[in-house]
Amino acid sequence: MACEGILLGMGNPLLDISAVVDDDFLQKYDIKLNNAILAEDKHLPMYDEMASKDNVEYIAGGATQNSIRVAQWMLQIPGVTSYMGSIGKDKFGEEMKKNSTEAGVNVHYYEDEAAPTGTCAVCVVGGERSLIANLSAANCYKSEHLKRPENWKLVEKAKYFYIAGFFLTVSPESIMLVAEHAAANNKVFMMNLSAPFICEFFKDVQEKALPYMDYVFGNETEARTFAKVHGWETENVEEIALKISQWPKASGAHKRIAVITQGADPVVVAEDGKVKLFPVILLPKEKLVDTNGAGDAFVGGFLSQLVQEKPIEDCVRAGCYAANVIIQRSGCTYPEKPDFK
């Protein structure tokens, strides 16, 4: 059984402002579908415009927080997961706290006095999504918060750590503190490639953390960008996954496993110099609501079995199950109880 606090996530807590928009809206704000970017000045008016739409929804989000909430939902044991990140002292921050606590996650937020809680515009067109994150307070996380005794206790308690690559833009120092703790104590440290821009513009900090990663998650676009940035002359996702899994490691306690999703195509798992493919659960187009949170949900489902020391097949199956549930709903939300067998 998974015990209290076994899984700790750290990342950028963002309140998702999710709405169905049209192609004109995408053009107006220069947005590409199936992308994840940080907001620039030209994007800022968009948040108010989306908030004024009839179909707008507010959902506690941020990539890592989504995965942790889904793992918590799959496990159905209160307090089995913990999470840290930075929010503002405002109504969105309060909404986030309420949302996450009700989900059963033990949240230890740093509350920034000056910046508002971060938001993420989730623009949905025909079931596909584009994410534009305005980090605000999420960008203010400091390793001093992590080092406080009541927070470091969560690190000592946890046996598994998961951090999305987006956090590399905020607090690489916090990431390295946790990574080094995991390596020194034979614990499992995991990260996600998260977005092409992380692989391109945060290459150095990503490379510094990579030797500590026991699991690397990502999707096919991120994997191909990672390969291009590192001068690997291949677009083949299986080859790339293999090369990522064979990147040198900081400690020999665990081998590295690379797990790359490919939308409706099979999940690629590379370990021990071999690649395995796992089919996903196919969904009729008319049942697709939106793909927002699908990758996060996959990781959450995967982690829910991993912390119970289940074989990799079960982890992938749970990941596919969770992603399949999430894409049939708006945003990263789920029914009261999972029916995963």
Side-chain angles (χ1 to χ4, degrees), residues 11-12 31-38 61-67 70 120 122-124 127-133 162-169 190-203 206 210 213 215-230 232 234-245 247 256-271 275-283 288 290-303 312 315-327 331-332:
N12 303 335
I31 297 165
K32 292 189 190 76
L33 271 184
N34 289 318
N35 203 1
I37 58 170
L38 293 177
T64 307
Q65 187 162 247
N66 283 342
S67 297
V70 169
C120 182
V122 181
C123 305
V124 181
E128 303 294 335
R129 59 82 177 139
S130 190
L131 308 176
I132 304 91
Y162 174 69
I163 302 175
F166 295 118
F167 203 52
L168 287 165
T169 73
M190 303 170 275
M191 285 193 73
N192 202 309
L193 299 176
S194 288
F197 85 87
I198 300 287
C199 303
E200 286 177 301
F201 304 115
F202 295 87
K203 174 176 179 257
Q206 189 181 53
L210 195 62
M213 298 180 204
Y215 285 81
V216 176
F217 295 95
N219 67 27
E220 75 279 32
T221 317
E222 296 149 10
R224 288 188 178 120
T225 305
F226 185 91
K228 196 172 102 193
V229 166
H230 289 91
W232 298 348
T234 179
E235 289 259 302
N236 183 306
V237 175
E238 293 174 42
E239 274 178 48
I240 297 166
L242 208 50
K243 287 185 90 132
I244 292 173
S245 73
W247 192 285
R256 180 181 304 105
I257 299 176
V259 183
I260 308 295
T261 59
Q262 310 186 87
D265 292 327
V267 178
V268 177
V269 177
E271 64 170 316
V275 170
K276 280 187 192 156
L277 298 178
F278 297 91
V280 302
I281 307 161
L282 292 175
L283 187 73
L288 174 72
D290 80 57
T291 56
N292 180 34
D296 303 337
F298 173 85
V299 173
F302 189 102
L303 297 179
I312 198 110
C315 298
V316 173
R317 210 164 50 80
C320 292
Y321 163 79
N324 187 264
V325 169
I326 299 292
I327 61 176
C332 193

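A quick note: this is a predicted structure, and the numbers were derived from the prediction, not measured. Numbers here are sequence positions counted from 1.
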Taking all non-hydrogen atoms of both residues into account, name the closest pair between [X] and [Y] and its distance.
{"X": "V299", "Y": "S67", "result": "CB-OG, 3.7 Å"}
{"X": "A63", "Y": "A164", "result": "CB-CB, 3.9 Å"}
{"X": "F202", "Y": "L168", "result": "CD2-O, 4.3 Å"}
{"X": "R224", "Y": "V237", "result": "NH2-CG2, 3.4 Å"}
{"X": "G11", "Y": "T64", "result": "CA-OG1, 3.9 Å"}
{"X": "L38", "Y": "I132", "result": "C-CG2, 4.4 Å"}

Can you say whether the rings of F166 and F197 are parallel (under 30°), tilted (30 to 60°) or perpendicular (over 60°)? tilted
Over 60° means perpendicular and under 30° means parallel, so classify the ring planes of W247 and W232, tilted if in between.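 The arrangement is tilted - the two ring planes meet at 30° to 60°.
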Check against side chain to side chain contact (heavy atoms under 4.5 Å, CB included), E222 and N192: CA-CA 10 Å; E222 296 149 10; N192 202 309; 3.9 Å; yes
Can you tell me how far apart [atom1] ([X]) and [atom2] ([Y]) are? Round to the nearest 0.5 Å.
{"X": "N219", "Y": "Q262", "atom1": "CG", "atom2": "CD", "answer": "9.0 Å"}
{"X": "C332", "Y": "I327", "atom1": "SG", "atom2": "CD1", "answer": "12.0 Å"}
{"X": "S194", "Y": "D296", "atom1": "OG", "atom2": "CG", "answer": "8.0 Å"}
{"X": "I163", "Y": "M213", "atom1": "CD1", "atom2": "CE", "answer": "9.0 Å"}
{"X": "S245", "Y": "I240", "atom1": "OG", "atom2": "CD1", "answer": "12.0 Å"}
{"X": "T169", "Y": "I198", "atom1": "OG1", "atom2": "CD1", "answer": "5.5 Å"}

Please answer whether the main-chain N or O of L210 pairs with a side-chain N or O of R256 as donor and acceptor at a distance below 3.5 Å. yes
If we ignore hydrogens and angles and just use 3.5 Å, is the side chain of S130 paired with the main-chain N or O of K32 as donor and acceptor?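 Yes; at least one donor-acceptor contact below 3.5 Å.
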So among I260, V259, L277, which one has a side chain to side chain contact (heavy atoms under 4.5 Å, CB included) with V267? V259
Show your reasoning for whether side chain to side chain contact (heavy atoms under 4.5 Å, CB included) applies to V316 and K276. CA-CA 11 Å; V316 173; K276 280 187 192 156; over 6 Å; no
According to side-chain contact (heavy atoms from CB on, under 4.5 Å), who are the partners of C315, at least two apart in sequence or on a separate chain? F302, Q305, L306
Do other residues, nucleotides or ligands put more than 12 heavy atoms under 6.0 Å from E235 CD?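 Counting neighbours around CD of E235, 12 or fewer heavy atoms of other residues, nucleotides or ligands fall under 6.0 Å, so no.
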